[in-house]
Amino acid sequence: MSLQVENLRVHYQTLQGNVQALEGVTFNIADGEIMGLAGESGCGKTTLGYSLIHLTLPKKFIGGCVTLDSQLLPIWDAEKMQAYRFKKVSIIPQYAMSAMNPTRKIGRMTLELLESRGIRFNDILPEFKRRLELVKLPQDVLNMYPIELSGGMKQRVVMVLSTLLNPSLLIADEVTSALDVSTQQAVAEMLVEFREREFVKSMIVITHDISILYQIADSILVMYAGRPAEKASTSVIINSPLHPYTRLLISSLPKSGVKYSNQRLSGIPGNPPLLLDPPTGCRFKDRCPAAFAKCSQEPPFIEVKQGHQVACWKESGKHA
Amino acid sequence: MLKIDNLSKIYRVGTFGGQELHAVDQVSFEVEDRQIVSLIGESGSGKSTIGKMILGLIPKSSGSISFNGTETSSLKNSALKEYYRKVQGVFQDPFSSYNPIFKADRVFKLIREEFFPSVEACEWDEKVENALKAVGLNPENVLNKFPHQLSGGQLQRLLMARALLLDIKFLVADEVISMLDASTRIDVLNLLADLKSRGLSILFITHDLCLGYYISDQSVILYKGHIMEKGTTEKIYSNPLHPYTRMLMASVPRLDKKWEPADVKWKDEQPKHKGGCAYAERCPFVFDKCRERPLLVEITKGHSVACWRRSEIR
C-alpha cells in the first residue's frame, strides 16, 4: 500500500462555526495506482487533495491518520510537512498555468526552487532537460519567461517540475479542466506515462469530469458532501455502480450517440446539503430515491466485494 | 429565421493596431424555425464572438446577419427594441450575470420597466410565475432571494425565465451549462429541448461534442473563425469528414470507449499561410493546395465540408 488514509476529518473554520468539509474519509491507494477523485463542486474533493499536502487555516485538522509508504504523514503540522512536500508528496495545482513566477526565467525559477530544498540544480539539470524533451518542450524554455509560453506549454512545465524529485504521491487537481479537448487528451495520457516511467508511484487525479477518469484512472473514489460514497475499479464505477448517488450521476452524463428525442436523461433533483450544519445519518438521504428508515443513521463505508467499498445501508445490509 | 451570410469580425491587434486578427472569417449558416443549431469549437474558434454579434453586443466587421429578412445591424431605437423582444441571450457564468447587491428577481422588474410598462402588477406577477414554472422552478423558492442564496442551476434557469417573459423567438445560449454540476446540467439541457417544442429557435454554443449531439438538429464546427464542417448533427457525428472534426471526435473523453493511441500528441505547428486553410497548421493531411482557402462544398444533402482532400479522406 502506497497511501492509506484513515478516518480523515478536516473542517473549515468560519465565523458561523465549523464547516464539516471532510468527515471520515477512508481509502487506500496501491503502488502504481491512479485513483480518480470525482464529485460535484463542494463535495470536498479539492479539500482532500490539499489536506494531504498543505493543510493551513482556515482548514483545521480534526482527526484521522495518513500513512505514505508505511510512514505517518504529519499533515496537521505544516512545518514538519516541509520535509515531505515536493520530495514525497507533490501537487499539480488547478491554477498550473499561473503557478510560475512571472519575473523569473523558467531555468532560474527552477534553480531557486531546488536550492531552497537543499538540492543542487546542476545534479538535477540533465534529468530535467530529458523530461522536458519527453513532453516535447525545447530546451530553450529554460531561458524563457512564463509569459512567452502558451497555456498548454506552461501546464507541461509545471507537470515536469512537480514530478522532478520522483514523489511517492502526486495530486493532480483539475489539470485538464481549462484545456481544449486535443490538449486534454495529451495531458491526461502524459499523467499515465509518468506513472509508467515511475516518475511517480501513485496518483490522485481530482476532476469533475468522470469521462476523463474512465480513460486514465485505475480506480475511482466518488465523494458526496464531504464523505466517501463509493470506491471501486473504474469499470465497476462506470458500468455497475452500487451507491444510488453514483448511479444517478453516471446516468445523467450524456454519452455520445444519445439524443434527447430518443433517450431523455434526467438529473438528480435537489441540492447537496450545506456542510455548516449537515443532516444526521446519510448525507444523500434527502435526494435519494431509495432512502428508507435506516438512512437516519450514518452508513459505514465498508467493503462489499473485493476492492469495492460503498457507504449505503441498502448495500451493506445485503452483504452483512 | 436567422440567416448569417459571410460574417466576419476583425480585431486590430499589435502595438499600434497594425496587425489584424480574424476572429470570425466569412461564416455563413442559417437557423430555421424551431431548430437547435449547435456551434462547436475549441477556445479561440470565434463561437462566442458570433453569438455576441447576433445579440448586437459587438459590431460586426463585414457580412450580414438578418433576422426574418431584416438586417439587424441597421436597427435603431424602437426597431432595435422590437428585435430584443424576440432575440435574447443567456451566458456562461450565471453568478456574474446578476448584480450581487440586488435581489435576483430584479431582472424581471427591469424587463417590466423596459418592455411592459402598461401591464398591471397582478397580471405581471402571474406572468412571472408562469415563466418560472415553465423553466421548472418553484416561485416560492426563488423570488425575493439574493443571488448568493441560489444555486448556479437556479440562477441559470431564472435567466431563461427572464428571456421567456419577452415572448422570444430566438435564444443565444452561450456555454450555458459548462459552469453547472453534472447532476443539474442535464436538467437545463432538457429545458432547452422543451423550449424548442414551444416554438423557439436556439443557437447552442458549446465546446462539448456529446452535449451538442444530445440536443441539436444542426451542427457547425468552427476552427479559428473558419467553418470546417456543417450539416445535420446525425451526418456529422456518424460520418465526420474534416480532419479537424475527426480529431475532435477521437479525443473527446467518452464513457463507452477508451481513447485510441493518440497520434495528435503535441504536433509541431506548421507555418501558416495567410489566407489558406486555417487548420493547415495542425493537419496531418496537409499538402500544397492547402495554401489556398478551401470552400465549403456540399458532399451529401445537408452536409458540407471545407477541405481540399475531402474526397480522399473517407
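Below, all heavy atoms of this structure are taken into account, side chains as well, without hydrogens, waters or symmetry copies. Within every chain, numbering begins at 1; the chains are lettered A, B, ... in the order of the sequence lines, protein sequences first and strands thereafter.
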**Report entry** Residues of residues 206-223 of chain A within contact distance of chain B, non-hydrogen under 4.5 Å
**Finding:** A:Asp209, A:Ile210, A:Ser211, A:Ile212, A:Tyr214, A:Gln215, A:Ile216
Query raised in the report: When rounded to the nearest 0.5 angstrom, what is the spacing between CD1 in B:Ile186 and OG in A:Ser266?
Result: 8.5 Å
Which donor-acceptor pairs under 3.5 Å do the side chains of residues 133-147 of chain B make with protein atoms, sequence neighbours left out?
unit_1, atom_1, unit_2, atom_2, d
B:Asn138, OD1, B:Glu140, N, 3.3
B:Asn144, OD1, B:Lys103, NZ, 3.1
B:Lys145, NZ, B:Asn141, O, 2.9

Report summary line: If one checks every heavy atom of A:Ile238 against chain B at 4.5 Å, the contacting part turns out to be side chain
Query raised in the report: Got more than 12 heavy atoms from elsewhere within 6.0 Å of CG, B:Leu21?
Result: yes
Report task. Can you run down the side chain to side chain donor-acceptor pair (under 3.5 Å) pairs that involve residues 190-205 of chain B, sequence neighbours left out, and say none if there aren't any? Result -> A:Tyr260-B:Lys196, A:Arg264-B:Asp194, B:Asn190-B:Tyr214, B:Lys196-B:Asp217
Query raised in the report: Looking at B:Ser238, B:Ala193, B:Ala250, B:Gly212, which one has more heavy-atom pairs under 4.5 Å with chain A than the rest?
Result: B:Ala193
Report task. Taking atom CZ of B:Phe95 as the centre, report whether more than 12 heavy atoms of other residues, nucleotides or ligands fall under 6.0 Å from it. Result -> yes
Query raised in the report: About how many Å separate CG of A:Leu265 and CZ of B:Arg185, when rounded to the nearest 0.5 Å?
Result: 12.0 Å
Query raised in the report: Around atom CD of A:Glu133, are there more than 12 heavy atoms of other residues, nucleotides or ligands at under 6.0 Å?
Result: no
Report task. Could you check if a side-chain atom of A:Gln184 sits within less than 4.5 angstrom of a side-chain atom of B:Ser251, using non-hydrogen atoms only? Result -> no
**Report entry** Residues from residues 228-235 of chain B approaching chain A under 4.5 Å (heavy atoms)
**Finding:** B:Thr233, B:Glu234
